[in-house]
A.B. asks: 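Following this message is one structure expressed as structure tokens.
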Amino acid sequence: MLSILARATLLSLAVTALAVQARAQEWPTARPITILMGFPAGSGTDVVARTLQEPLEKALGAKLVIDYRPGAGGNVASEAVAHARADGYTLLLGTAATHGVNAALYKRLPFDVEADFTPVAPLVDVSNVLTINPDVIDVTSVKAFIETVKASPGKFNYASTGNGTGTHLAFAEFVARAGLDMVHVPYKGGPEALQGVLKGDVCCIFNQVQTVLAQWRAGKVRLLGVTTKTRVAAVADIPTIDEAGVPGYESYTWFGLFGPKDLDPKITARINTAVRTTLEMPSLRQKFLETGLAPRVETVEQFRATVKANRAKWAEVVKAVGATID
């Protein structure tokens, strides 16, 4: 027979299990769900979050609050979520950088990129585009860009959204593949980096298509090539960098939602279903496509596999370009 202590332990475990199950069934309550973001207002992640906020609130039946925690390539927000309660009310809007690049780039992180998070749902795939200030480098093609930079080693500076970010590593890989000698100038985020290009402080950047369309249409910048394997509908006349002069080159990022580790599978599934339902809305899908984004619809298991493959891919890129941050 079980001892009194053993029976008490089993009873306690049963009560805990029932409480967890009850919380999952009740979720979400009137309490808002906070989505932490490791990048500033006006960034590409912010644009996606704001676009999804209202329809996703309707799908979930809960209010969403965006909490900006920029810094350290997204690690500030990631750390906060890694140590948050796994109750479904604190999520992270993560990226291929926060959950792929950073794991290979930073020698020490205050969390485990894999073990301390629950992948919930991807949101969109994001293409970057080689964006130049023609007053600084007056070329009209990727091939001409490469020839001009090669003719003046060390003269041209390129911007990124920060050391070790996806824009940095994507451009560093481009520089290495094309055999260029350029100077990297990191900024604190996307808006500041693009301003650096517009002011002529740097010649160029791999900028997200969605956040450079207005400047391009106004004639303030020139777009030479997208970083994805196929062309982007929003800028269909712009070739891929692969077809325009650097065969085999491909780089893209994605945005997605993560929870802390041990997030209840039922809550995870409910959020994933709500996200997929939202992304499959024709009007929203078209809105994303028109701004250079491609909705990524995956189950929890598929997204987990995407994140794992992404970590392996970026580990190879980080090693190849020799990037590191202490």
Side-chain angles (χ1 to χ4, degrees), residues 39-51 70 124-152 154-162 165-172 174-175 178 180 182-228 231-241 243-246 249 251-253 255 286-294:
F39 305 94
S43 63
T45 50
D46 186 37
V47 173
V48 169
R50 294 302 179 185
T51 302
V124 294
D125 284 340
V126 186
S127 175
N128 287 316
V129 60
L130 178 53
T131 304
I132 68 166
N133 183 329
D135 291 333
V136 180
I137 182 168
D138 188 13
V139 296
T140 58
S141 68
V142 172
K143 184 177 180 180
F145 178 91
I146 292 172
E147 292 173 349
T148 301
V149 173
K150 280 187 174 181
S152 300
K155 174 183 176 180
F156 294 101
N157 304 335
Y158 71 89
S160 80
T161 54
T165 58
T167 57
H168 172 204
L169 294 182
F171 212 121
F174 169 73
V175 165
L180 306 179
M182 301 184 72
V183 179
H184 170 225
V185 180
Y187 287 81
K188 293 182 179 180
E192 294 90 342
L194 183 55
Q195 280 301 311
V197 177
L198 292 171
K199 291 188 296 183
D201 296 335
V202 290
C203 79
C204 47
I205 185 175
F206 272 179
N207 202 89
Q208 290 179 19
V209 171
Q210 60 168 332
T211 58
V212 78
L213 287 175
Q215 289 81 2
W216 173 58
R217 288 166 179 160
K220 296 180 180 179
V221 296
R222 193 173 290 162
L223 308 184
L224 302 184
V226 295
T227 63
T228 40
R231 294 195 182 197
V232 177
V235 287
D237 291 336
I238 306 300
T240 68
I241 289 177
E243 66 181 299
V246 187
Y249 181 87
S251 178
Y252 71 93
T253 187
F255 301 157
Q286 185 61 29
K287 187 173 184 178
F288 276 138
L289 291 174
E290 289 174 352
T291 55
L293 301 170

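Here, residue 1 is the first one in the sequence, and each next residue gets the next number. Small disclaimer: the values here were computed from a predicted structure and weren't measured.
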A.B. asks: Nearest 0.5 angstrom please: E290 CD to Q286 CD, how far?
C.D. replies: 4.5 Å
A.B. asks: Within the 4.5 Å heavy-atom criterion, are L194 and V212 side-chain neighbours or not?
C.D. replies: yes
A.B. asks: Looking only at heavy atoms, which two atoms of Y187 and A159 are closest? And how far apart?
C.D. replies: CE1-CB, 3.6 Å
A.B. asks: Would you confirm whether S152, through its side chain, and V149, through its main-chain N or O, come within 3.5 Å as a donor-acceptor pair?
C.D. replies: no
A.B. asks: Could you measure the distance from the OG1 atom of T51 to the NZ atom of K287? Nearest 0.5 Å is fine.
C.D. replies: 5.0 Å
A.B. asks: Hey, is the main chain of I132 close enough, under 3.5 Å, to the side chain of R222 for a donor-acceptor pair?
C.D. replies: no
A.B. asks: How long is the gap from CG on D138 to CZ on F145, to the nearest 0.5 Å?
C.D. replies: 12.5 Å
A.B. asks: Look up atom CG in D135 and atom NZ in K220, then write down how far apart they are to the nearest 0.5 Å.
C.D. replies: 12.5 Å
A.B. asks: Give the intermediate values and the outcome of side-chain contact (heavy atoms from CB on, under 4.5 Å) for residues V197 and N207.
C.D. replies: CA-CA 10 Å; V197 177; N207 202 89; over 6 Å; no
A.B. asks: Strictly distance-based, threshold 3.5 Å: is any side-chain N or O of Q210 a donor or acceptor partner for the main-chain N or O of L293?
C.D. replies: no
A.B. asks: Determine which pairs satisfy ring pair (Phe, Tyr, Trp, His ring centres under 6.0 Å) with at least one residue from residues 197-220, sequence neighbours left out, and list them in order.
C.D. replies: F171-F206, F174-F206
A.B. asks: Going by the side-chain contact (heavy atoms from CB on, under 4.5 Å) test, name the single residue among I205, V202, T167 that passes it with S160.
C.D. replies: T167
A.B. asks: Do T161 and F39 come within less than 4.5 Å of each other through their side chains, counting heavy atoms only?
C.D. replies: no
A.B. asks: Could you pull out the closest heavy-atom pair between A178 and V246, with the gap in Å?
C.D. replies: CB-CG2, 4.5 Å
A.B. asks: With sequence neighbours left out, what residues match A294 under side-chain contact (heavy atoms from CB on, under 4.5 Å)?
C.D. replies: D125
A.B. asks: Enter the distance from L130:CG to L223:CG here, rounded to the nearest 0.5 Å.
C.D. replies: 8.5 Å
A.B. asks: Would a 4.5 Å heavy-atom cut-off, applied to side chains only, mark H184 and N157 as touching?
C.D. replies: no
A.B. asks: Quick one: closest heavy-atom pair of V136 and C203, and the distance?
C.D. replies: CG1-CB, 3.5 Å
A.B. asks: So which heavy atom on G189 is nearest to which on P40, and how close?
C.D. replies: CA-CG, 4.4 Å
A.B. asks: Looking only at heavy atoms, what is the nearest atom pair of P239 and A244, with distance?
C.D. replies: CG-CB, 4.0 Å
A.B. asks: Under the side-chain contact (heavy atoms from CB on, under 4.5 Å) criterion, do V235 and L213 qualify, and how do the steps go?
C.D. replies: CA-CA 9 Å; V235 287; L213 287 175; 3.7 Å; yes
A.B. asks: Would S127 and Y252 count as a side-chain contact (heavy atoms from CB on, under 4.5 Å) here? Give the steps.
C.D. replies: CA-CA 5 Å; S127 175; Y252 71 93; 5.6 Å; no
A.B. asks: Could you report the tightest heavy-atom contact between R231 and V226, atom names first, then the distance?
C.D. replies: CA-CG2, 4.3 Å
A.B. asks: Any side-chain to backbone donor/acceptor pair from T227 onto N128? Under 3.5 Å, distance only.
C.D. replies: yes
A.B. asks: When you compare the side chain of F156 with that of T148, does any pair of heavy atoms fall below 4.5 Å?
C.D. replies: yes
A.B. asks: How long is the gap from CG on D46 to OG1 on T211, to the nearest 0.5 Å?
C.D. replies: 11.0 Å
